[in-house]
Amino acid sequence: MPKTKPLDEIGRLDGELSQHFKEKLIVQSSLSRSIVSFQSNKKRPVFRWYKFKEAFSAPLIEYLFTKYEIPKGRILDPFAGSGTSLFVASEAGSSADGIELLPIGQQIIATKKLLDSEFAPDNVAALKRWSREKPWKQSEQRISLFELRITKGAYPE
């Protein structure tokens with residue numbers, strides 16, 4: 001028997017699973033790749049500044065809140081990622097809390113919060129000055145960052 005290539009095997013298994021669950025699967029054509037993926041966030045200032053490829057799009061979360069008639073209240077996102085669901089819930093008038101273990105996700109959420117609610121014109125001037133002067137290049141001190149095993153190799157040096 002000839003050895004199958006891994007992608008051929010994955011394709012075969014995908015076909016079997018699709019056939020097995022065909023009565024339970026619903027294709028929602030309105031949920032295109034552009035609404036489900038980060039692509040839709042490119043048009044939204046608070047969401048677009050950092051491309052977190054694993055992130056859901058804000059329009060997807062809005063769609064789900066509407067479709068399932070989620071009332072205003074309190075939302076918990078136990079895998080908050082870049083905080084998309086937290087910010088969409090807040091915009092909809094709900095209180096939102098999230099848990100995110102990855103430091104990069106925590107920093108994205110903190111920065112989005114700052115950009116969304118605490119950013120002032122003076123901050124823009126300070127950022128322009130910071131970008132122009134590049135103070136990080138003038139410092140001789142270097143501090144190693146803590147690394148989680150899950151993030152090892154995920155980002156370039």
Side-chain angles (χ1 to χ4, degrees), residues 1-120 123-124 127 131 136 143-157:
M1 183 167 153
K3 189 174 180 180
T4 60
K5 294 179 182 176
L7 289 179
D8 293 338
E9 181 67 9
I10 290 170
R12 184 187 66 74
L13 290 170
D14 182 52
E16 285 180 16
L17 286 171
S18 294
Q19 187 63 30
H20 180 76
F21 290 106
K22 72 179 178 186
E23 300 300 321
K24 297 181 192 271
L25 293 175
I26 299 170
V27 175
Q28 183 62 268
S29 58
S30 63
L31 295 178
S32 65
R33 181 174 186 258
S34 64
I35 194 173
V36 173
S37 71
F38 184 83
Q39 287 176 306
S40 292
N41 287 345
K42 291 179 181 178
K43 300 173 188 153
R44 313 263 308 250
V46 172
F47 299 98
R48 73 176 175 216
W49 71 271
Y50 186 91
K51 183 179 180 183
F52 193 67
K53 68 179 180 176
E54 294 82 5
F56 293 117
S57 72
L60 173 64
I61 304 301
E62 292 163 347
Y63 169 85
L64 294 171
F65 273 53
T66 302
K67 179 172 175 63
Y68 295 104
E69 300 174 354
I70 296 174
K72 288 179 178 40
R74 190 164 195 88
I75 303 296
L76 172 64
D77 184 349
F79 307 100
S82 65
T84 303
S85 60
L86 305 176
F87 289 92
V88 170
S90 292
E91 287 173 7
S94 291
S95 177
D97 295 302
I99 301 167
E100 180 52 50
L101 296 179
L102 293 177
I104 187 70
Q106 294 168 4
Q107 289 302 309
I108 293 169
I109 292 168
T111 304
K112 280 183 179 179
K113 184 178 177 191
L114 181 117
L115 290 171
D116 191 38
S117 61
E118 302 170 20
F119 211 63
N123 300 124
V124 174
L127 282 174
S131 176
W136 64 91
I143 300 171
S144 296
L145 296 175
F146 171 71
E147 183 176 51
L148 295 174
R149 189 168 38 116
I150 192 169
T151 63
K152 193 160 188 75
Y155 303 97
E157 291 293 320

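Worth saying up front: this structure is predicted, and the values here are computed from it rather than measured. The chain is numbered in sequence order, starting from 1.
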Separation between [atom1] of [X] and [atom2] of [Y], rounded to the nearest 0.5 Å:
X	Y	atom1	atom2	value
Tyr50	Phe38	OH	CZ	10.0 Å
Ser34	Lys43	OG	NZ	7.0 Å
Ile61	Thr66	CD1	OG1	11.0 Å
Ile109	Leu114	CD1	CG	14.0 Å
Ile108	Leu115	CD1	CG	11.5 Å

Output all residues satisfying side-chain hydrogen bond (donor to acceptor under 3.5 Å, both in side chains) with [X], sequence neighbours left out; order by chain, then residue number.
X	answer
Thr111	none
Gln106	none
Ser85	Asp77
Ser30	Gln28

What pairs with [X] under salt bridge (charged side-chain N to carboxylate O under 4.0 Å, His left out), at least two apart in sequence or on another chain?
X	answer
Arg48	none
Arg74	Asp97
Glu23	none

Hey, is CG on Leu31 packed in by over 12 heavy atoms from elsewhere, all under 6.0 Å?
-> yes

For residues Thr84 and Ser57, report the shortest heavy-atom separation together with the two atoms involved.
->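 For Thr84 versus Ser57, the nearest heavy atoms are CG2-C, 3.8 Å.
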
Heavy-atom pair with the smallest gap, counting every atom of Lys113 and Phe87 | N-CZ, 3.4 Å

Please examine the side chains of Ser37 and Leu60, heavy atoms only from C-beta on, and report whether any two atoms are closer than 4.5 Å.
->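 When only atoms from C-beta onward are counted, Ser37 and Leu60 do not touch, as no gap falls below 4.5 Å.
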
List the residues meeting side chain to side chain contact (heavy atoms under 4.5 Å, CB included) with [X], not counting sequence neighbours, and say none if there are none.
X	result
Ile70	Phe65, Tyr68, Ile75
Ile26	none
Val27	none

Please check if the side chain of Ser94 supplies one atom and the backbone of Gly73 the other of a donor-acceptor pair under 3.5 Å.
-> yes

Is a side-chain N or O of Asn41 found less than 3.5 angstrom from the main chain of Val46, in a donor-acceptor match?
-> no

Enumerate, atom names and distances included, each donor-acceptor pair closer than 3.5 Å involving a side-chain atom of residues 11-22, sequence neighbours excluded.
{"from": "Arg12", "atom 1": "NE", "to": "Glu9", "atom 2": "OE1", "distance (Å)": "3.3"}
{"from": "Arg12", "atom 1": "NH1", "to": "Glu16", "atom 2": "OE2", "distance (Å)": "2.2"}
{"from": "Arg12", "atom 1": "NH2", "to": "Glu9", "atom 2": "OE2", "distance (Å)": "2.6"}
{"from": "Ser18", "atom 1": "OG", "to": "Asp14", "atom 2": "O", "distance (Å)": "3.0"}

Mind jotting down which residue pairs meet the salt bridge (Lys or Arg N to Asp or Glu O under 4.0 Å) criterion with at least one end in residues 58-68? Sequence neighbours excluded, please.
-> Arg44-Glu62

